[in-house]
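Structure, as structure tokens:
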Amino acid sequence: MVTPINSTLEWARLQQLAVEHQDFDLRAAFAANGKRAEELTFRAGDLIVDLSKHLVDTEIVKGLVGLAESAGLRSRIDSMFGGEHLNVTEDRAVMHVALRADEEDHLVVDGRDPVPEVQGVVERMEEFSARVRNQEWLGHTGRPVTDVVNIGIGGSDLGPAMAYRALRPCVKPGLRAHFVSNIDPADLFSVVATVDPESTLFIVSSKSFTTLETLTNARSARDWLVDKLGEQAVSSHFVAISTNEDEVAAFGIDPDNMFGFWDWVGGRYSMDSAIGLSLMISIGPERFREMLSGFRTIDLHFRTTPIERNVPALLGLIGIWYRNFLGLDTYAVLPYSNDLARFPAYLQQLDMESNGKRTRIDGSPVEVDTGPIVWGEPGTNGQHAFFQLLHQGTTVVPADLIGFVEPIDDIGDQHVLLLGNLIAQAEALGFGRTSDEVAASGVPPELVAHRTFPGNRPTSVLLAPKLTPSVLGQLIALYEHKVFTQGTIWQINSFDQWGVELGKQLATKVIDELSSASEPELEHDASTNTLIETYRRRG
Ligand code: F6P
């Protein structure tokens, strides 16, 4: 039985600090400490992370670091890197850090060093990617590949789809990647309508190779291809990424055209495994390796930096402060980069599937709030949609604002407009505008309240030199380890996802009832029965 985190002295101390700091005010905190910005700005790899506009002071940060120590964060980091089976409910190690290890790094998982095997798969991916990119891998009719279609969902889709978009300038001209995930046929159909079967390569990506959406879309894609080019075409137009060789073979894909990974890579931690093949083909092996080295930079930082300067740990701990001590239940990610448009969706799975749990690792119920609701959209678009609530709503939403010093596309002064907006929004959220200031600016008295901004709306500002493959890898690893830190404090298993099972099981039953030729006997609740009957009457 683990000692519940909320019965530790450190937890009690933070509760006391929350009461004492009820009136915490960012303006006053900055006025009282001229070095606050400097003291609360940290560096990890190429990332500069300004945490000074959070509702914390040195005492609170010290309390949070103490909490991390009492939760055993340091030894859990060592356990992860040491290959221990931290995923207790599935009895698996948590070793995604091996995916980006250097050849000279030595790790151990289940009595073996995974690094040579990982490198072996990366080399096969590199060789395959080079053949596709150099037009040596030919389709059934001898045409080179112009379109790559990744069919996968969740962790087998969101990572490569997000990174393909994020690394747009690195994509080889003339090669397009598409990502099909939804079981809604609109997803696949809208892609096949735009591609030529003779020059299209399908990558079926599924860790389990049993996922309904992926297997259904893959079968439909296969039927489409066979209809256009015949059965013989399948071997040159389909490859698979999976841990399940038997199912890949059963689907009809030659295991020689399969790229493997391991059960110690969770789906949502797999974009830097073979699951990234569509990305590697698009951006090239060299850029892909740069991304891996970015991940590794933050892995090293997380593993070796003391908690008080450890950026993923601090981000996680500040999140704990809001969730557990200030009672805030959502958290926004706002990239000031259109190319990072899919980053919030990627982080939603990473964070909410990892830490949306209510049971501790020992099976006892968690007595404190766990993972927050993660959401977001790129700035500046969000400013013209939901920022009204961020500035003046009754709910406080902590947010991460992510920006880049150098532009990707240098058109006029647009980049400086973008970055200026990021910096200004963080300032406006943090410091607001008092009613006195509003009145003094000549606003009519009846509008003063409407035009007053409370401030004290906390943000992190993450600045990197440029959105390169390495920086993207650094950002992803930063959030992976933030999630790890929070899962450690909450004493939950961040690496299973039993919460997705019930819906899957019930869907199988409901689908049978919707499509049954004879009238099924419905034994659900009245609402579910009526919905099924409504569909059947219509059919
Ligand atoms: O539905 C949950 C889930 O298992 C995710 O964790 C995973 O990323 C996704 O489905 C896809 O799984 P697979 O790669 O096995 O098809």
Side-chain angles (χ1 to χ4, degrees), residues 86-96 99 121 125 149-164 179-184 187-188 202-222 238-251 253 258-279 342-357 359 371 374 476 479-480 483-484 487 492-508 510-511:
L86 294 187
N87 180 355
V88 287
T89 59
E90 297 179 306
D91 194 16
R92 291 174 181 169
V94 173
M95 252 302 175
H96 45 273
L99 299 170
V121 174
M125 289 168 64
V149 182
N150 184 79
I151 300 179
I153 197 164
S156 299
D157 164 74
L158 286 163
M162 174 275 289
Y164 174 75
F179 297 87
V180 171
S181 54
N182 202 324
I183 195 137
D184 182 343
D187 203 1
L188 178 65
F202 290 96
I203 302 179
V204 186
S205 299
S206 174
K207 181 179 173 187
S208 59
F209 228 76
T210 56
T211 302
L212 176 75
E213 291 90 338
T214 300
L215 271 284
T216 308
N217 275 323
R219 273 188 219 102
S220 299
R222 190 182 193 283
F238 272 81
V239 299
I241 298 164
S242 188
T243 56
N244 191 342
E245 191 171 324
D246 293 345
E247 288 295 333
V248 169
F251 181 85
I253 295 177
M258 166 181 160
F259 299 84
F261 59 114
W262 304 270
D263 70 358
W264 40 259
V265 183
R268 53 193 173 274
Y269 297 87
S270 68
M271 67 151 300
D272 46 344
S273 72
I275 290 291
L277 183 63
S278 53
L279 179 68
R342 297 289 286 153
F343 197 56
Y346 174 79
L347 289 187
Q348 269 175 342
Q349 188 200 13
L350 178 66
D351 198 317
M352 294 167 80
E353 202 173 71
S354 295
N355 284 345
K357 310 275 165 73
T359 305
V374 180
I476 299 168
Y479 282 101
E480 285 178 350
V483 165
F484 181 92
I492 56 179
N493 178 4
S494 303
F495 302 100
D496 60 12
Q497 55 284 318
W498 301 107
V500 302
E501 292 304 321
L502 178 60
K504 285 187 194 172
Q505 281 165 20
L506 294 185
T508 309
V510 171
I511 291 163

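Counting starts at 1 for both ligands and their atoms, in listed order. What you see is a predicted model, and the numbers here were worked out from it, not measured in a lab. Keep in mind that the numbers below use all heavy atoms, side chains included, and drop hydrogens, waters and symmetry copies.
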**OP:** Kindly assign one of parallel, tilted or perpendicular to the pair F179 and Y164, based on the angle between their ring planes and the thresholds 30° and 60°.
**Re:** tilted

Original post:
So which heavy atom in the protein is nearest atom 9 (C) of ligand 1, and how far is it from that ligand atom?
Top reply: I153 O, 3.7 Å

Original post:
Protein heavy-atom contact under 4.0 Å for atom 12 (O) of ligand 1?
Top reply: yes

Subject >> Where V204 and F238 come nearest, the two heavy atoms and their spacing >> reply: CG2-CD2, 3.8 Å

Subject >> Polar side chain donor-acceptor pair, S205 to N150, under 3.5 angstrom >> reply: yes

Original post:
What's the shortest distance from atom 15 (O) of ligand 1 to any protein heavy atom, and which residue and atom give it?
Top reply: S208 OG, 2.6 Å

Original post:
Just heavy atoms, cut-off under 4.0 Å: does Q497 contact ligand 1 by side chain, backbone, both, or neither?
Top reply: side chain

Subject >> Subset of ligand 1 atoms that lie under 4.0 Å from at least one heavy atom of K504 >> reply: 1 (O)

Original post:
Please state which protein non-hydrogen atom is closest to atom 3 (C) of ligand 1 and give its distance, to 0.1 Å?
Top reply: E353 OE2, 4.2 Å

Original post:
For atom 16 (O) of ligand 1, which candidate among T214, V204, I151, T211 holds the nearest heavy atom?
Top reply: T211

Original post:
G155 heavy atoms, cut-off 4.0 Å: which ligand 1 atoms fall inside?
Top reply: 7 (C), 8 (O)

Original post:
When the ring planes of F343 and Y479 are compared, do they come out parallel, tilted or perpendicular, using 30° and 60° as the limits?
Top reply: perpendicular

Subject >> Any E213 heavy atom less than 4.0 Å from ligand 1 >> reply: no

Original post:
Considering all heavy atoms of both residues, which atom of S206 and which atom of S156 are nearest to each other, and what is their separation?
Top reply: CA-OG, 3.9 Å

**OP:** Measure the spacing between CG of D157 and CG of D187 and express it to the nearest 0.5 Å.
**Re:** 8.0 Å

Original post:
Does S205, backbone or side chain, put an N or O under 3.5 Å from an N or O of ligand 1?
Top reply: no

**OP:** Would you confirm whether D351, through its side chain, and V483, through its main-chain N or O, come within 3.5 Å as a donor-acceptor pair?
**Re:** no

